[in-house]
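Heavy atoms only: backbone and side chains are in, while hydrogens, waters and symmetry mates are out. Counting convention: from 1, in listed order, for ligands and their atoms alike.
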Amino acid sequence: MLPFVWSDDCLLHEPDAEVWVGVRTPATEVPARALAIREALAAAGAREVAVVAHDDSALLAVHDPALVEFLRAAWDEWSVAELPSDRVVPYIFARSELTGGRAPATPTAVWARPGLFAYDTMTLIGPGTWEAARAAVDVALTAVDLVANGERVAYACCRPPGHHVTRSLYGGSCYLNNTAVAATELLARVGGPVAVVDIDAHHGNGTQEIFLGRSDVLIASVHVDPGAGWFPHFLGFAAENGEANLNLPLTPGTGDDAWLAAVRKAATFASSARGLVVALGVDAATGDPESPLEVTTAGYHEAGRILGELGLPTVVVQEGGYDLASMGPLVVETLTGLTR
Ligand code: SP5
Ligand code: ZN
């Protein structure tokens, strides 16, 4: 009876759209994702655990307080400004090269403020975005509590996802880095080092940036090669690898065999840890609209088995996965592999 943590508040974020190459396209990171996973978990006999509210201490250990305060207030400030867009979206970006390294001013214009904290145009903020993102952090922290209290594996059934968020910048359909918050709290609870193994189809660039230079959090990411033209484009290359950081970029079209070989390398890399966070994106699956990887449901089951063989206290945090018909079974199979 695997425990999974749930909060209805994770449904409150409805991005509606993503602005991609200047065009408003339909959102893929929708509330129905979480409902599809929950339904599959219930059918498989998993045990639902209600979210427990946590204070901001673990969140603020990971993120710049200025990012957190921006996200908390962004929709309210935007909505009173009566702007032509029904979602918060950046139009000017406060790049450090723009300000010559100086801290940028806090803009008087509400519509310029997102450019202090957003690194893409796809990650829109609306009513409920903050409530859902903050609830996702609570879901992840509640899953850490379960593991700290003796469960071998607990699953955080949360959205919006988080692994693209750096200490100070949001993007990639993510607002707060649930995985990084969970890893930080797991480290405090079980002692170090802890490992993050990210099997989302996209590089976990935010988690990498947050833990850069740290030796107490080992991070490994298996993802489609950004050099082949895939998000996050600027990061996720093997050249970034170091003592505590392992990127395993894969060519588009990669299927089970090479993907599982990379997952095995990530598991070996993580094997000296005392606790594990799995950033579980199921968008590497065949048929997912956001990635060209071709992993099967059996492949995800085997990935779960490989990571479960480490025998570590394990918190699984939901990241991407956008095919509503298959993502529930993909998550269930991964968790079944992990716990068998
Ligand atoms: C958590 C996660 O999986 N984030 C993925 C973010 C990658 N999104 C890149 C989107 C690139 C353009 N997609 C066009 C479809 C527009 N609806
Ligand atoms: Zn992804």
Side-chain angles (χ1 to χ4, degrees), residues 10 13-34 36-37 87 89 118-124 129 132-133 136-137 139-140 156-166 169-182 196-210 221-226 228-236 247-250 252 254 259 262-263 277-295 300 303 316-324 326-327 330-331 334:
C10 287
H13 167 56
E14 298 192 31
D16 184 62
E18 308 171 349
V19 177
W20 183 65
V21 298
V23 176
R24 193 169 167 130
T25 60
T28 50
E29 202 291 286
V30 294
R33 297 175 59 250
I37 298 170
R87 294 292 185 276
V89 60
Y119 67 78
D120 67 36
T121 60
M122 303 184 303
T123 311
L124 305 185
T129 297
V137 167
V139 168
C157 187
C158 54
R159 73 169 285 275
H163 72 149
H164 295 307
V165 187
T166 68
L169 299 177
Y170 72 98
S173 308
C174 303
Y175 305 87
L176 297 170
N177 195 323
N178 312 310
T179 287
V181 174
V196 177
V197 173
D198 188 327
I199 60 171
D200 186 279
H202 305 96
H203 175 235
N205 62 294
T207 313
Q208 175 176 290
E209 191 269 349
I210 285 165
S221 181
V222 178
H223 50 264
V224 63
D225 183 3
W230 293 85
F231 189 91
H233 302 282
F234 305 114
L235 289 151
N247 285 328
L248 296 160
L250 299 170
T254 293
W259 186 76
V263 172
V277 177
V278 178
L280 176 57
V282 291
D283 44 4
T286 299
D288 189 281
E290 294 291 327
S291 113
L293 298 179
E294 302 282 350
V295 178
Y300 266 97
V316 182
V317 179
Q318 186 62 40
E319 294 288 354
Y322 306 96
D323 178 31
L324 292 174
S326 65
M327 61 186 303
L330 286 162
V331 170
T334 310

Option from Ile199, Asp283, Asp200 for which side chain to side chain contact (heavy atoms under 4.5 Å, CB included) with Glu319 holds: Asp200
What is the ring orientation for Tyr175 with His13, classed by angle as parallel under 30°, tilted 30 to 60°, or perpendicular over 60°? perpendicular
Rounded distance [0.5 Å steps], CD in Gln208 versus NE2 in His164: 12.0 Å
Give me the ring orientation class for Phe231 and Tyr119: parallel if the planes are under 30° apart, tilted from 30 to 60°, perpendicular past 60°. parallel
Could you pull out the atom name of the N/O/S atom in Asp283 that is nearest the Zn ion (ligand 2)? OD2
Distance check, rounded to the nearest 0.5 Å: His233 atom NE2 versus Asn205 atom CG? 10.5 Å
Which atom, among the N/O/S set of His202, is closest to the Zn ion (ligand 2)? ND1
May I ask you to check whether His163 brings an N, O or S atom to under 2.8 Å from the Zn ion (ligand 2)? no
In order of chain and number, which residues sit within 4.0 Å of ligand 1 by heavy atom? Glu18, Trp20, Thr25, Pro26, Met122, Pro161, His163, His164, Gly172, Cys174, Asp200, His202, Phe231, Asp283, Glu290, Gly320, Tyr322
Please round to the nearest 0.5 Å and tell me the distance separating atom CD1 of Ile210 and atom CG of Asn177. 4.0 Å
Checking side chain to side chain contact (heavy atoms under 4.5 Å, CB included) for the pair His203/Ser221: CA distance, chi angles, key distance, verdict? CA-CA 6 Å; His203 175 235; Ser221 181; 3.7 Å; yes
How about Glu319: does one of its N, O or S atoms come closer than 2.8 Å to the Zn ion (ligand 2)? no
N/O/S atom of Asp200 under 2.8 Å from the Zn ion (ligand 2), yes or no? yes
In Å and rounded to the nearest 0.5 Å, what is the OG1 to CG distance from Thr28 to Asp288? 8.5 Å
